[in-house]
Amino acid sequence: MGLMESLKGFFVKPEQQKNVLQENCFHADYLVIDLELTGLNAKKDEIVSIAWVPITEQRIQLGASVHCINNQVTNLKQSPIYHGIDQDGIADGKPLEAILRQLNTQIEDKVLVFHNAELDWSFLTIAFNKAGLLHKPAAILDSMEIEHKRLARQGQLIGHDSLTLGNCRARYNLPNYENHNALTDAMATAELFLAQINQISRGKELLIKHLK
Amino acid sequence: MSAEIKEVYSFAAKQAPFSDLDASACEYFANHLQAVYLTTENQHSWLSDERPALYLIRSGLYDIIDPSGEVVARLGEGDYFGYPSLLTGEAITNRLQVQNEGIVYLLEQSAWDYLREHYKPFAQYFVRAHANRLLSTNYQSREQDWSQKKIRDVMKTGAVCTAPTTSITDAAQIMQKFGVSSLMVTEQDKLIGVVTDRDLRNRVLAQKMDPSKPVSDIMTRKPKHIFEHNRVFSALHLMLKQNIHHLPVLDETHRPLGMLTSTDLLRQQKSDPVQLIGRIYKATSHAQLKRYALEIPELLHGFSKRIDDTSLIGKLLSGITDALTTRLITLYEQEFGEAPTPYSWICFGSQAREEQTLHSDQDNGLLLPNDLNTKDKAYFKALGEYVCQGLIDCGIRKCPGNIMASQSQCRMSLHAWLSQFESWIVSPSPKAILNCKIFFDIRYVCGDETLFDDFANELKKIVKNQIFYASMATDINTNSVPIGLFNQFKLEQDKQKHRYLDLKKRGVAIINDIVRLYALHNGITSPNTLSRLDALERLEHINKKDIYDLKDCWRYLTQLRLNVQLSQKGLPANCIDPEDLTSLEKHQLKEAFYLIKQAQQAVAFKFARGSL
């Protein structure tokens with residue numbers, strides 16, 4: 001990316017972001033992202049793997065999905081219990097910076113979707129900053145937050161595990177996925193997100209800002 | 001370079017045609033898919049001419065609707081759609097209607113073309129599926145198997161008739177001229193008798209009778225007959241039971257249409273079960289009956305593989321029980337003398353409905369004239385005990401509820417039976433309703449048929465009671481189909497922690513209950529569920545589609561139930577583990593339960609005024 005272009009991108013963005021929020025959620029371009037981590041502390045713990053799946057015109061583009069493992073993880077700790085990636089798996093990966101560069105080309109103009117955005121996005125922000133990459137997505141949405149609001153609006157009791165990805169999906173009668181890795185979870189989040197916007201809108205116009 | 005999504009891959013790899021293809025085909029498929037979420041709001045955007053695609057259902061339930069608005073197919077997990085237009089290039093005329101929303105995988109034309117070119121079995125699979133889809137739309141007109149056929153389809157038409165005043169010689173000449181072995185004797189178009197070759201031999205030649213006498217002197221009066229719309233199986237059964245070889249076929253106004261002969265039927269199919277019934281009717285001893293009865297399970301196993309229509313299995317087993325009963329009564333009468341008065345041997349429950357299974361137990365009784373003396377009562381008590389014990393010896397279990405002619409409460413006079421029914425009808429307690437469900441499925445087996453007819457007519461009168469109908473409707477709705485929210489199966493669990501679905505209790509029995517209620521309400525006396533539905537179908541105020549739906553459900557569940565019984569593995573009788581079903585079967589089963597639920601609600605609305 002040339003200097004001029006990135007500068008242009010930098011200045012144009014705030015304007016665009018505003019526009020995206022006014023857009024109908026069915027026509028926006030999304031990138032659904034999931035990370036596997038060594039722990040929950042963004043300052044100390046590391047990113048093990050990143051996967052992303054684009055959604056355009058309500059179609060989850062499985063063929064354009066990407067799944068990368070970070071080969072620079074220094075301490076996996078107990079985390080392989082959750083994601084199944086061990087030292088051998090890591091050896092097959094690539095440097096985090098290369099992964100972030102690849103991701104960064106996809107992020108531009110897209111609305112990012114996470115399940116629990118606060119956690120994953122804080123890891124990504126730190127990593128992007130370390131790598132010196134500009135990162136300014138059009139907007140960030142959180143399927144967990146969307147679900148939380150929806151349940152609260154319906155006056156439902158929200159238990160400590162009502163908002164896990166699996167339990168949210170079960171509420172929409174989506175299939176139960178057994179494999180857990182960043183890619184499956186990204187796809188599972190994408191499906192959940194489509195189900196959510198369809199059920200919330202029920203045929204009426206739904207703007208992205210209403211999902212924030 | 002896209003990553004392979006394990007969940008998608010492993011799902012697709014389980015589906016035909018990928019299950020039989022090289023793994024590379026499935027990898028290509030998984031890597032070129034798009035996943036979409038289908039809802040009623042966006043259903044019009046899919047299955048479009050602009051972007052034809054192959055669709056594979058991951059979750060949810062969808063109907064394909066043809067231009068006339070008919071549902072062509074209901075599709076669920078693992079089913080494909082969209083391929084006909086990819087194959088033919090023709091415009092899409094069907095549309096999609098979402099029943100339950102869910103995830104559908106979509107493969108665009110370019111990727112479809114790639115798979116079609118590189119994997120021949122992939123292309124063949126969809127060509128065949130397309131052909132089957134075309135065939136299945138003609139499903140309604142599909143040829144039925146022989147036993148299900150109506151008599152009018154197998155009989156030779158053209159009744160050879162003559163007047164009762166015709167001389168025996170003239171009658172014989174008419175038979176010669178038409179090349180028939182029997183003649184129908186009619187008066188004002190009504191059948192009054194039958195003359196056969198055998199009559200000419202036994203009643204004329206052997207008796208040196210004057211052949212100028214009228215045929216009315218030698219004919220069999222009030223002959224057994226059958227109607228053109230009856231099933232072939234009923235005719236077979238009647239001929240064997242009565243040991244007759246000629247059966248006049250009448251239309252609904254009792255006008256003779258033709259003669260059905262045993263040769264006509266043998267031409268249809270050589271049938272071992274029917275031969276067994278024949279042998280039972282000729283058995284000369286208790287021991288012989290017992291020996292024949294031993295053959296039943298194996299016979300059933302072989303027979304069930306050969307036929308499409310499983311309602312026949314229940315008919316067959318009930319037919320065998322009828323035959324055993326009739327023969328045991330004859331053996332008793334031979335040993336202890338004929339009955340002192342007319343009586344009817346009757347049966348209830350599954351035997352009456354003709355849906356007996358290998359697990360069914362006895363449900364029978366004796367209908368006796370009023371005011372019997374002590375000696376006559378003793379005769380029938382002994383008869384009841386003899387026959388019920390005989391049936392136990394033949395493998396038909398004792399009824400745990402003691403509904404057997406050997407028990408005094410099931411061996412009653414016409415008056416006593418009627419007041420028993422009346423007490424249930426006027427005070428429909430839960431126990432009374434339970435009894436009604438068994439005893440209102442009632443059928444005459446043998447003895448004196450007029451006594452039974454009198455009883456049935458009286459019963460028809462006392463049953464007309466709105467509170468009783470409402471109680472039956474309420475009871476029907478206390479039993480729920482095993483489908484939970486979001487169309488999931490609700491499973492039950494036994495002590496060994498097996499999880500299962502009870503097809504009888506939660507399916508067939510509910511349909512039987514619903515149909516019984518409609519039948520009682522409309523004065524239909526037949527105890528068989530399908531016959532009741534046939535009779536209801538002829539009534540004007542009943543919705544035909546509901547009747548067809550109930551029939552289809554009943555047949556499907558009965559079929560599944562029989563398959564389970566024949567390959568039982570550790571679960572309670574009549575139960576299945578849905579995990580053993582294919583995705584299509586699961587989905588048909590859900591469909592059946594769904595229709596039953598609708599019928600339950602309709603019953604509540606109609607009879608209980610929705611007061612549930």
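The chains referred to below are lettered A, B, ... by the order of the sequence lines, with proteins before strands, and numbering in each begins at 1. Being a predicted model, the structure only gives us computed values, none of them experimental.
Enclosure of atom OH in B/Y125 by more than 12 non-hydrogen atoms of other residues, nucleotides or ligands within 6.0 angstrom is indicated. Few gaps surround CD on B/Q124; more than 12 heavy atoms of other groups in view lie less than 6.0 Å from it. Counting non-hydrogen atoms of neighbouring residues, nucleotides and ligands closer than 6.0 angstrom, the NZ atom of B/K597 reaches no more than 12 such neighbours.
For B/E41, the part sitting under 4.5 Å from any heavy atom of chain A is the side chain, from C-beta outward, and nothing else. For B/Y105, the part lying near chain A is the side chain, with the backbone staying farther off; criterion is any non-hydrogen pair under 4.5 Å. Only the side chain of B/L106 comes within less than 4.5 Å of a heavy atom of chain A; its backbone N, CA, C and O stay farther away.
Between A/E57 and B/R51 there is no salt bridge, since no side-chain N of the basic residue sits under 4.0 Å from a carboxylate O of the acidic one.
Taken from CD in B/E101 to OH in A/Y172, the straight-line distance is 10.0 Å, to the nearest 0.5 Å.
No side-chain heavy atom of A/L183 sits under 4.5 Å from any side-chain heavy atom of B/E7. The side-chain heavy atoms of A/N198 and B/N42, taken from C-beta on, include a pair separated by under 4.5 Å.
Test A/I60, A/L194, A/L192 against B/Y37 for side chain to side chain contact (heavy atoms under 4.5 Å, CB included) and you get one pass: A/L194.
Between A/Q58 and B/V36 the shortest heavy-atom distance is O-CG1, 3.8 Å.
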Would B/T39 and A/Q199 satisfy side-chain contact (heavy atoms from CB on, under 4.5 Å), going step by step from the backbone distance to the final call?
CA-CA 9 Å; B/T39 68; A/Q199 293 226 343; over 6 Å; no
Chi angles and distances behind the side-chain contact (heavy atoms from CB on, under 4.5 Å) call for B/V8, A/L62
CA-CA 9 Å; B/V8 178; A/L62 298 183; 3.9 Å; yes
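Within residues 46-55 of chain A, no residue has any heavy atom less than 4.5 Å from a heavy atom of chain B.
Applying the salt bridge (Lys or Arg N to Asp or Glu O under 4.0 Å) rule to pairs touching residues 184-193 of chain A yields A/R169-A/E191, sequence neighbours excluded.
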